[in-house]
Each structure stands twice: as structure tokens, then as C-alpha cells.
Asker: 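Before anything else, here's the structure in question.
Whatever order the structure lists them in is the order used to number ligands and atoms, beginning at 1. Keep in mind the model is a prediction, meaning the values are calculated, not measured.
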Amino acid sequence: MCGIVGAVAERNVTAILLEGLKRLEYRGYDSAGVALFSNAGVLERRRRVGKVNELEQSLAGDPLAGRLGIAHVRWATHGAPTEQNAHPHFSNGELAVVHNGIIENHESLRERLQGLGYVFTSDTDTEVIAHLLHHKLRDIPDLAAALKATVKELHGAYGLAVISAKQPDRLVAARSGSPLVVGLGLGENFLASDQLALRQVTDRFMYLEEGDIAEIRRDSVQIWTAAGLPVEREVVQYREGAEAADKGEFRHFMLKEIHEQPKVVQRTLEGRLGQEQVLVQAFGPQAAELFAKVRNVQIVACGTSYHAGMVARYWLEGLAGIPCQVEVASEFRYRKVVVQPDTLFVSISQSGETADTLAALRNAKLRSPKEGGFLASLAICNVGISSLVRESDLTLLTQAGPEIGVASTKAFTTQLVALMLLTLSVGQVQGSLEPGVEAELVEELRRLPTRLGEALAMDSTVEKVAELFAEKSHTLFLGRGAQFPVAMEGALKLKEISYIHAEAYPAGELKHGPLALVDSDMPVVTVAPNNELLEKLKSNLQEVRARGGELIVFADEQAGLNDGTGTHVISMPHIVDALAPILYTIPLQLLSYYVAVLKGTDVDQPRNLAKSVTVE
Ligand code: G6P
């Protein structure tokens, strides 16, 4: 998705802006641009379709310099990914604007501004902001004040930054629905859509809140609320080690993040497990009282996070006896939902900024429990300062650390751990768990990082298996019970990064349609822990073999499945059934990774995808 960087300093800021853009590359984008207030006293810009590298090369050949500047990586929504549509957008050579999000009323604004004589040079919604602000500046000369008047007329979501050739000592910004953070330096200040972009210049940050307008000068930062009142935002010191944005010994961020899973799962469990019980207060001081009232759970999420929710449904119903529904946020938010009494709303999100998930939470909060609304909201999220966390009643933070690869890996397994903690907490408070289950699972959770390490040791075995896929165009993933969402996640990973068409089915559905697709060109991947569904799964596998389909089975070492013609069995360490979805995710992540490497795709930044989808 789009990313913003801005700087106002006494030195040339071009290199700072470019480095910031590079750090935002992981979000996925298709063009990049920069605008500077040059030493000659005019606004200059350079934009390029493609990677930041191309912009950098162009600037190396023909440099731009200035002490005030803004830069952007764009992920096309309105208008194709062309140089003309790339940001920054100008108005009359006087203003430069970069914008994340979508301006929904851009068409009517465009007509009005064209009527006022403004000439548009792009197909973007963003350009209306530049011209509207230019128009406002006629009556309101101060840039921040004019921006306040401008945003009142914008409908939709935005995080935006503006510089003006007429007021070149400042950078102004506005946030509504798309995050922005101010980075504080010494005699210089910065702005970005993600603090990661600024970590090379500062570790002190001020997060803008919804509706905030900011004026950033070299030696001061002033912020106003949506109501126009001056406000102070807390200065936060960043703590995470700077190594997070570095691939280290690994060839890709995705592989590094896959291998970080034992460590981050351990971190997610830290301080949350007692001797034989989950510590319910990890969810917040009022959690125990609230969980006692919960009669139903509604989970809402997107993408990989949605798959984590699907696994949790098996756990909440199977272990804690709590009815649970799971829905993708883009559907949930527009549906007239009938809420069962005492339903806990649970959102799951790596970023905490996914537009659909946030909108679903906001809708959920519109009605109080007495008016037929939800009992309370809980966010399972990886970013403590995200909108989702700020707007939810309860939070459980996954401790995955920054995830750079667009295809989510460690965020997923830590979400699963968090959801297991939720299941056990609700079950504990309500006394609905079978005797001994909590103590056993707490013990098994403690061992989980070691188990994940064992699964990661299969790396080179899985790398060999990946060769079976290099020439294929279609695959099927099968699972039963809580392994069905794991199969869905495996299929999603493969399609995201290798562009091979992959479908997941509950194994029992095979004969109701997908079996028609099975032939020797269609590898079938299956996850087979040793549980009560194993025998049924074995019959499903026979159905595939009988049609000449090639089977790749990740099976429990005690499952009694063996290699044979057309059947490749990869033995997995034994694990208690409830935690099997977490363990079996690992080989599927490795499989998609190695297939993508063989196919030579852009593993960390797959085509057309974005890390954090902050637009609808
Ligand atoms: C995008 C990412 C996925 C992610 C999904 C939800 O599609 O590419 O990896 O699962 O958004 O993101 P969230 O941050 O809400 O978990």
C-alpha cells in the first residue's frame, strides 16, 4: 500500500526521503516519487513507475536537493500505475501533496475545481486535495489553517502531507483513517506513514490521532484536533532492536520471519502463562469479569488473519464450548448483522490498520449491548500503537515484531497462540474446559517453541519437495477439522508468492466437485496429524491416488502413512492435537517459499499485493 515520508531540516533531505521509501517498500507499491523545495526556491519533483531503485538511479544521474521535501510510494487505486499518476501531485507549481487512502467524493470535487479553472494532470483522487487546498489558500493564507478547511470537505480516508513553495519553513499533515507519525530530531523533524521509515534518523515519535492536523517545522511541532483545538501528543521512544528491518543471513525477509517463529511464539507466551493456567489478566484488568459474561464470540478479520480466526472457531467451540462465528471483515461491515446477546467481538489483525477490519470494529461499536450490540471488543493485534488497538476495549498483543514480507508468516502463528490463550481464558473463567485440559495445554504451549524449531529443521526436506511444484499451474490443499483453515492458509501462501493457482478444501468435500480436477498435473497437499479424523482422511487420499493425483502429505510420525508411488509422506514431530494447526503451518510456509524461489518470483513483495491494506 501507499507510504509517505517527509522531512524539514537544515541539510539536504533527499537521501533521508529515499531511505525512508526503501524502508516502506515491503508494503507493496507500483510507483515512487519525491518533491523538494529546491535551493533555487521552487518545487521540483521526480517520479518513476516501478521500484524506488529506479527513482534513486534517476536522482543519481540528475540530482534534486532541498531542505524540505515529501516522498511517496503509490499502490494504484484511482488511475493506472503511471508516472503522471504517481505522487507527489502539484497545484500551480506552488503546492505538493502526497496521500495515502481514498477520497470518496473526488469526482464532485474535481468537477467543482475544474469549474474554478484548475487543470488536472492525473486520474488520481489525490490531485483534488492539491487544488482544493490551493483554492482555500486564497482566503486563508496560513498553510495549516487552509489544510484544516480543506479536510472538512474531504470524505473518505487519508493520511496526507503537503509542502508549499510560499511557506517553505514547514510541512503540514492531516490524518483520518490512515496512520501518520511525526519523527523528532534535533533541529530537524520528519513525518511518515510508518515509523519504520524514519528509524534511520530518530527513535522518538509522536503518533497523530484520528482527525489530527500537524504543522512540522525544523524546531517545533504543533498539532490540532479535528475540532481545531491545539493538543499535545505523547512522545514515544522506540524500543524494538533496529535489526528488524534487516534480512540478516537470510535471502528473503519471508524466510527470516519463518525462522523467527520459535522466538516470537515464546515472546507471545511470556508473562501470560501461570503454573497450570493461562493468566486471564493478560487481556486487561477487566477481562475476567467480561469473559464470565461471554455467551458467543464473533471473529472478524481479513486474509491470513481470517484464517487464524477460522482455526480459533474449532478451539472456542471444541474446547471452551462457546459458540463462535468467523467472517471476513469486508463482508461483515456491510451486512445487517443480528447479534446474539453477550457476544464478544474479536478482531484479528497483524497491522491493526486494515481498513475493512477497522470499519467492522467501528460498526460493531455503534450499538451498546442494551441496544442489541456487542458485549465488548477485543483486538488481537501485532502493533500496539495501531488504530485497532486504540479503539478496542481489550487487547492482546502478539509479539511477532515487525513483519516485512508481504506474505504473513510469524504474525499468523503468534495470532494462533493468542487465540489459544483466549480460548483457555474464556473456558477457565466459565469453568467449561474438560478437567486437566488447561494444565496439559499450558504445558504443551511451553514446549511449542521447541516443537516449532523441530519443524523448521525440515527446511531442506521441504525444499526438495518444492521441486514437484515448479512446473505445475494448479494445486489442491486438503485438511479436516482445524487443519482445514491451515490448508486454506497453505493455499493462500502458495498463490500469493508463487502465483500458482491453489485451492483449499475440507478433505470430505473432495468428492463433491474438486475430484473432477485431479489428474497427474495436479499435486494435492495434505496435512494429517494423528487425530480421530485420520482414518477418514486416509480414505480421501485414496480417492486422489485412484485418479492418478500426486500426493504430498505432511503426516504425524505415528500416523502410519508411508511413501509409495505418487505419494510423498513428510514425517512431522508428534504434537497434541489442539496445537497441531500451529505446527503444521510451518512446512506449508516453507513449501510456498521454496516454490516461489524456484519460480524466481519477488518473494517479499509479490505482484499486486500490499502488506497493509488501508483502503477498501
Ligand atoms: C493483506 C496482507 C495479508 C494480511 C491481510 C490482513 O492482504 O497482504 O498478509 O493477512 O492484509 O492484514 P492484517 O494486518 O489486518 O492482518
Asker: Give me the residue, atom name and distance of the protein heavy atom closest to atom 5 (C) of ligand 1.
Answerer: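 For atom 5 (C) of ligand 1, the nearest protein heavy atom is C302 O, 4.0 Å.
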
Asker: Are T124 and N85 close enough, and set up right, to give a side chain to side chain donor-acceptor pair (under 3.5 Å), and what steps lead you there?
Answerer: CA-CA 6 Å; T124 63; N85 288 335; 5.3 Å; no

Asker: Report the part of V406 (side chain from C-beta onward, or backbone N, CA, C, O) that has a heavy atom under 4.0 Å from ligand 1; answer both or neither where that applies.
Answerer: both

Asker: Could you check whether K22 pairs with E56 (Lys NZ or Arg NE/NH1/NH2 to Asp/Glu carboxylate O, under 4.0 Å)?
Answerer: yes

Asker: Show me which atoms of ligand 1 lie under 4.0 Å from any heavy atom of S349.
Answerer: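 Counting from 1, the qualifying ligand atoms are 13 (P), 14 (O), 15 (O), 16 (O).
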
Asker: Using a plain distance cutoff, I'd like to know if T357 has any nitrogen or oxygen under 3.5 Å from a nitrogen or oxygen of ligand 1.
Answerer: no

Asker: Among protein heavy atoms, which sits nearest to atom 4 (C) of ligand 1, and what does the distance come to when rounded to 0.1 Å?
Answerer: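 Nearest protein contact, heavy atoms only, for atom 4 (C) of ligand 1 is T304 N, 4.2 Å.
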
Asker: Donor-acceptor check, side chain of K410 to backbone of A400, threshold 3.5 angstrom: yes or no?
Answerer: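 Yes, K410 side chain to A400 backbone: donor-acceptor pair under 3.5 Å.
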
Asker: For atom 11 (O) of ligand 1, what's the nearest protein heavy-atom neighbour? Residue, atom name and distance, please.
Answerer: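 Minimum-distance protein heavy atom for atom 11 (O) of ligand 1 reads K611 O, 3.9 Å.
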
Asker: Parallel, tilted or perpendicular, judged at 30° and 60°: which one describes the rings of F291 and F283?
Answerer: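 Ring orientation of F291 relative to F283: perpendicular.
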
Asker: Quick one: does NZ or CZ of R607 land under 6.0 Å from the six-membered ring centre of Y499, within 45 degrees of the ring axis?
Answerer: yes

Asker: Take the angle between the ring planes of H87 and H72 and call it parallel below 30°, perpendicular above 60°, tilted in between.
Answerer: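 The rings of H87 and H72 lie parallel, inter-plane angle below 30°.
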
Asker: I need the nearest protein heavy-atom contact for atom 12 (O) of ligand 1: residue, atom name and distance, please.
Answerer: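 Answer for atom 12 (O) of ligand 1: T354 OG1, 3.3 Å.
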
Asker: For S408, counting its heavy atoms only, list the atoms of ligand 1 lying under 4.0 Å from any of them.
Answerer: 9 (O)

Asker: Between E209 and R175, does any side-chain N to carboxylate O distance fall below 4.0 Å?
Answerer: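 Between R175 and E209 there is no salt bridge, as every charged N stays at least 4.0 Å from the carboxylate O atoms.
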
Asker: Give yes if a backbone or side-chain nitrogen or oxygen of Q415 is under 3.5 Å from a nitrogen or oxygen of ligand 1, and no if not.
Answerer: no

Asker: Just to confirm my output: which protein heavy-atom neighbour is closest to atom 14 (O) of ligand 1, and how far is it?
Answerer: S351 OG, 2.6 Å

Asker: Tell me which protein heavy atom sits closest to atom 8 (O) of ligand 1, plus the residue, atom name and distance to 0.1 Å.
Answerer: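 Of the protein heavy atoms, A610 O, 2.8 Å lies nearest.
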
Asker: Number the atoms of ligand 1 from 1 as they appear, then name those within less than 4.0 Å of a heavy atom of S305, with their elements.
Answerer: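 This gives 10 (O), 13 (P), 16 (O) as the contact atoms.
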
Asker: Indicate yes or no: does an N/O atom of G352 lie under 3.5 Å from an N/O atom of ligand 1?
Answerer: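 Looking only at distances, the answer is no, because the N/O contact criterion of under 3.5 Å is not met.
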
Asker: Given ring pair (Phe, Tyr, Trp, His ring centres under 6.0 Å), test Y594 with F469 step by step and report yes or no.
Answerer: CA-CA 10 Å; Y594 284 115; F469 294 76; over 10 Å; no

Asker: Is K495 paired with E503 through a side-chain N to carboxylate O contact shorter than 4.0 Å?
Answerer: no

Asker: What is the closest protein heavy atom to atom 7 (O) of ligand 1, and at what distance does it sit?
Answerer: V613 CG2, 3.9 Å

